[in-house]
Each structure stands twice: as structure tokens, then as C-alpha cells.
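This report concerns only the one structure given below.
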Amino acid sequence: MNTRLTELLEIQYPIVQGGMAWVAEHTLAASVSEAGGMGLIGAGGAPASFVRNEIRAGKKMTDKAFGVNIMLMNPEADEIAKVVIEEGIKVVTTGAGNPGKYMAAWKEAGIKVIPVVASSAMARMMERAGADAVVAEGMESGGHIGSLTTMALVPQVVDAVSIPVIAAGGIADGRGIAAALMLGAEGVQIGTRFVVAKEAQVHQNYKEKLLKAKDIDSEVTGMSTGHPVRSLRNKMTKEYLRLEKEGAGFEELEKLGLGALRKAVVEGDVVNGTVMAGQIAGLIDREMTCREMIEEMMQQAEMLLNKGVR
Ligand code: TUI
């Protein structure tokens, strides 16, 4: 399937992998790119040196291009912005902020820049700043979220800009991909489903919690701090929400959140850690390789788009 996005990124399928902190390491990124999508290493909250090592490890696994997602609240975002240039990365997506100040240097280096946006105003601003495409990410997504749903956000962003739009949030199968294309998107970003990819170096406890999750099992914490985060309900989210209700301060809440994602993804503590996942987790019930996932999703999407029936 060809869209302006597949042309822009020179990929076979219009599927971009979410830049998930801790989860999106070089093995996952290389596997998604090898399977014909655009894999990404998620910088998350990691130091620039860690990101550089991940990039180098990814290059050893594949000759295909993969990108880097830069979470802009990372204290080392400025250094990571330089690392992607030095390492010859061709695609950068950004999250949780405005990447405007890096845009000129990235464009100069020939990098395709794809900011994640949560509103049409932000999409327009990014287009003016030189973005090559945008990811319109709805609040069905896991992790840090905006306030609009994918269904409402995507067509409004599509109308607001003329660059390609990538839909994200709540997409994990061919039906979601077909629906996103119907809304005017030219590609999709998929996160939650790739967490349970066979290649994903994620603790088995995390994968199992996600595989068992039902549609109503995610919760949004951090509304009061201005950093809303969607994750699967557990002791951690209950405690966080209780503290928020009691009016706990920003510092106390941030302290509770700090390191909690790593605790779940790497150490497998899915009770006290943060198990970020999107609302579509309920649809995902088995581990598959990235290639199996991508081929199954694209086959289903193409059948729906060609025939208009399920
Ligand atoms: O960034 C994400 N998802 C993330 S980042 C993350 S790491 C983290 N861990 C704990 C607390 C906070 C973050 C986990 N998941 N998605 C992309 C995204 N970006 N969603 C929403 C936005 C966004 C929101 C507001 C982008 C820009 C924006 O406004 C920009 C501005 O500053 O004007």
C-alpha cells in the first residue's frame, strides 16, 4: 500500500512504531523496520549516551533505516537532538512537547521530522516550522496523552495541514488502520500491540498483564499535575489517584512516578510499577513477531479498503 508517508519514509507499509520509553529499544526498532514498517528507538527519559549506544546496536541488526523518538521532557533532550544528527538518523519523531528549537538543525541534516501533536493548532505550528508529517495521537493511547480522541482529532488535523498525517491511539489491527485511512490519515503509529511483539525486550510480567487486560482496564493518572498518563490499573495507579484526590502536591506525585515505568518494563514489577498501555489493550491477546503482526494487519486493512466489508 502506497501513501505519501510510505514515499516520504521509503517504507513498504504505512506503519510507524510508537517510540515507547524503555520498550522501544534497538531490537524492537530493527524488527519493525526489517518487517517493512518504520521502527523507532524511544529515548524516553534515558541519557544521551544510552540513546547513542542503542542506535549503534540497532545498526548492527539491520541495514534498514530506523528512527528515534525524542521525549522532549527528557533533561538531556538537547544532547539527544545532537546525537541523532551525529549518528546519521534519518527519521525523528518527538513527543510531550514542542520540538521547534531543534527543527532547523534537523532539517539541515536531512532528517525527516515528525512531531506528535494533540491538537490541530499544534499541527499547524509544526507544519509552519518545517515538519515533514505529524502524528495525531488521541487519548486512547498509552503513556502521556492529550485530551482529544483519535476519532475527533485525526480528521481535524487532516483538514488543518497539508503534510501527511499519521493516526495514533486505539489502533491495533487492520480495522483500525482502515478506519484511520478513511479519516484522511496516510499512516498509523502503533504502540501497545508492539509491546507484546516476540522481539520486544519487555519483562514477561508486563506482557502478560497487557495480554490479560480488558477494554476498561486502563486508567489516567496525573490530570492534576498537567501530565496525564494512561496505564493499566494496579496498586500504583490506585495509590496515585488516591493521593491526587487528597490534593497531593506536584513533587510528591512526580516522585511516585519517577522510575516507575522502568520498574515495570525492566524489573517486571507490575504491581508497584507503571504499566503504560492504550485502551486497545483488550484487543491484544497473543505474542507474535513484528512481521506476523504487520502482515496480518495490512492484509486485513487492504481487504476492508478494497471490499468495504469485514
Ligand atoms: O509522549 C507521548 N507519550 C509518552 S511520553 C512518556 S514518558 C513519560 N513518563 C512519565 C510522565 C510523562 C511522560 C510516556 N508516554 N506521546 C506523544 C504526545 N505528545 N502525546 C501528547 C503529546 C503532546 C502534548 C502537548 C505534544 C505536544 C503538546 O504540547 C506542546 C507544547 O508544549 O505546546
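The basis for the numbers below is simple: all heavy atoms, side chains too, and nothing from hydrogens, waters or symmetry mates.
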Stepwise side-chain contact (heavy atoms from CB on, under 4.5 Å) check, Thr149 with Leu153: CA-CA 6 Å; Thr149 60; Leu153 178 65; over 6 Å; no
Thr93 side, atom OG1; Ile41 side, atom CD1 - distance, nearest 0.5 Å: 11.5 Å
From CG (Leu241) to OG (Ser224), nearest 0.5 Å: 9.0 Å
Non-hydrogen side-chain atoms of Phe66 and Ile89 separated by less than 4.5 Å: yes
Heavy-atom closest contact (Ala118 atom, Leu148 atom, distance): O-CD1, 4.1 Å
same_hphob_cluster(Tyr102, Val117) at 4.5 Å side-chain heavy-atom cutoff: yes
Listed partners of Lys207 passing side chain to side chain contact (heavy atoms under 4.5 Å, CB included), at least two apart: Val196, Ala200, Val202, Gln204, Glu287
Trp106 CH2 to Lys82 NZ distance, which is reported to the nearest 0.5 Å: 12.0 Å
Ser31 OG to Met61 CE distance, which is reported to the nearest 0.5 Å: 5.0 Å
Hphob cluster co-occupancy, Leu283 + Met139, side-chain heavy atoms under 4.5 angstrom: no
Leu28 side chain reached by Met20 side chain, heavy atoms, under 4.5 Å: yes
Positive for side-chain contact (heavy atoms from CB on, under 4.5 Å) with Met276, one of Thr192, Leu261, Val195: Leu261
Asn234 (side chain) donor-acceptor with Gly273 (main chain) under 3.5 angstrom: yes
Hydrophobic cluster membership, Val135 vs Leu9, 4.5 Å side-chain cutoff: yes
Where Pro228 and Val220 come nearest, the two heavy atoms and their spacing: CB-CG1, 3.7 Å
Pairing residues for Glu108 by the salt bridge (charged side-chain N to carboxylate O under 4.0 Å, His left out) criterion, not counting sequence neighbours: none
Candidate pair Lys101 and Asp78, rule salt bridge (Lys or Arg N to Asp or Glu O under 4.0 Å), full reasoning: CA-CA 9 Å; Lys101 67 172 172 171; Asp78 287 357; 3.1 Å; yes
Residue pair Leu40 / Ala24: nearest heavy atoms and the distance that separates them: O-CB, 3.5 Å
Donor-acceptor contact below 3.5 Å, side chain Asn74 vs main chain Gly44: yes
Heavy-atom donor-acceptor pair, Asp217 side chain to Ala213 backbone, under 3.5 Å: no
Heavy-atom pair with the smallest gap, counting every atom of Cys290 and Phe194: SG-CD2, 4.2 Å
Under 3.5 Å side-chain donor-acceptor pair for Gln156 and Ser120: no
Test item: Glu246 and Leu243 side chains (from C-beta on) under 4.5 Å apart, heavy atoms: yes
Test: Lys59 and Glu87 ion pair at under 4.0 Å: yes
Expected output: side-chain Glu54 to main-chain His26 donor-acceptor under 3.5 Å: yes
Heavy-atom side-chain contact between Arg52 and Glu86 under 4.5 Å: yes
Non-hydrogen atoms of Met103 and Val113 that approach each other most closely: SD-CG1, 3.4 Å
From CA spacing to verdict: side-chain contact (heavy atoms from CB on, under 4.5 Å), Glu219, Leu232: CA-CA 6 Å; Glu219 197 98 77; Leu232 296 179; over 6 Å; no
From Arg175 atom CZ to Met303 atom CE, the distance as rounded to the nearest 0.5 Å: 10.0 Å
Met297-Leu181 co-clustered via ILVMFWY side chain contacts under 4.5 Å: yes
Flag for Ser162-Glu127: side-chain donor and acceptor within less than 3.5 Å: yes
Min side-chain heavy-atom separation Val266-Tyr206 under 4.5 Å: no
Minimum side-chain heavy-atom gap Leu256-Glu239 below 4.5 Å: yes
Asp173 bridged to Arg193 by N-O distance under 4.0 Å: no
Residues, nucleotides or ligands: over 12 heavy atoms within 6.0 Å of Lys107 NZ: yes
Worked verdict on Leu211 versus Ile284 for side-chain contact (heavy atoms from CB on, under 4.5 Å): CA-CA 6 Å; Leu211 291 169; Ile284 301 164; 4.2 Å; yes
Under 3.5 Å: donor-acceptor pair, side chain of Gln17, backbone of Ile15: no
Side chain to side chain, Met122 and Asn98, heavy atoms closer than 4.5 Å: yes
Gap separating the CD atom of Glu137 from the OG atom of Ser119, nearest 0.5 angstrom: 12.5 Å
Residue pair Asn272 / Lys263, side-chain donor-acceptor N/O under 3.5 Å: no
Under 3.5 Å donor-acceptor, Glu10 side chain and Glu7 backbone: no
Any side-chain donor near an acceptor of the partner, Glu199 and Thr27, under 3.5 Å: no
Glu186 side-chain N/O to Arg4 backbone N/O, donor-acceptor pair under 3.5 Å: yes
Test side chain to side chain donor-acceptor pair (under 3.5 Å) applied to Ser218 and Gln279, Arg233, Glu140, Arg230, the passing residue: Arg230
Heavy-atom donor-acceptor pair, Glu267 side chain to Asp269 backbone, under 3.5 Å: no
Flag if over 12 foreign heavy atoms under 6.0 Å of CE, Met288: yes
Side-chain donor/acceptor of Trp22 to backbone N/O of Gly42, under 3.5 Å: no
Side-chain heavy atoms of Glu244 within contact of Thr221, under 4.5 Å: yes
Closest heavy-atom pair and its distance - Ser33, Lys64: O-CD, 3.5 Å
Arg242 atom CZ: more than 12 heavy-atom contacts under 6.0 Å: yes
Test log, rule side-chain contact (heavy atoms from CB on, under 4.5 Å), inputs Thr94 and Val92: CA-CA 7 Å; Thr94 63; Val92 167; 4.1 Å; yes
Same cluster (ILVMFWY, side-chain, under 4.5 Å), Val23 and Ile294: yes
Donor-acceptor contact present, side-chain Thr150 to main-chain Ala168, <3.5 Å: yes
Atom CD of Gln299: over 12 foreign heavy atoms under 6.0 Å: no
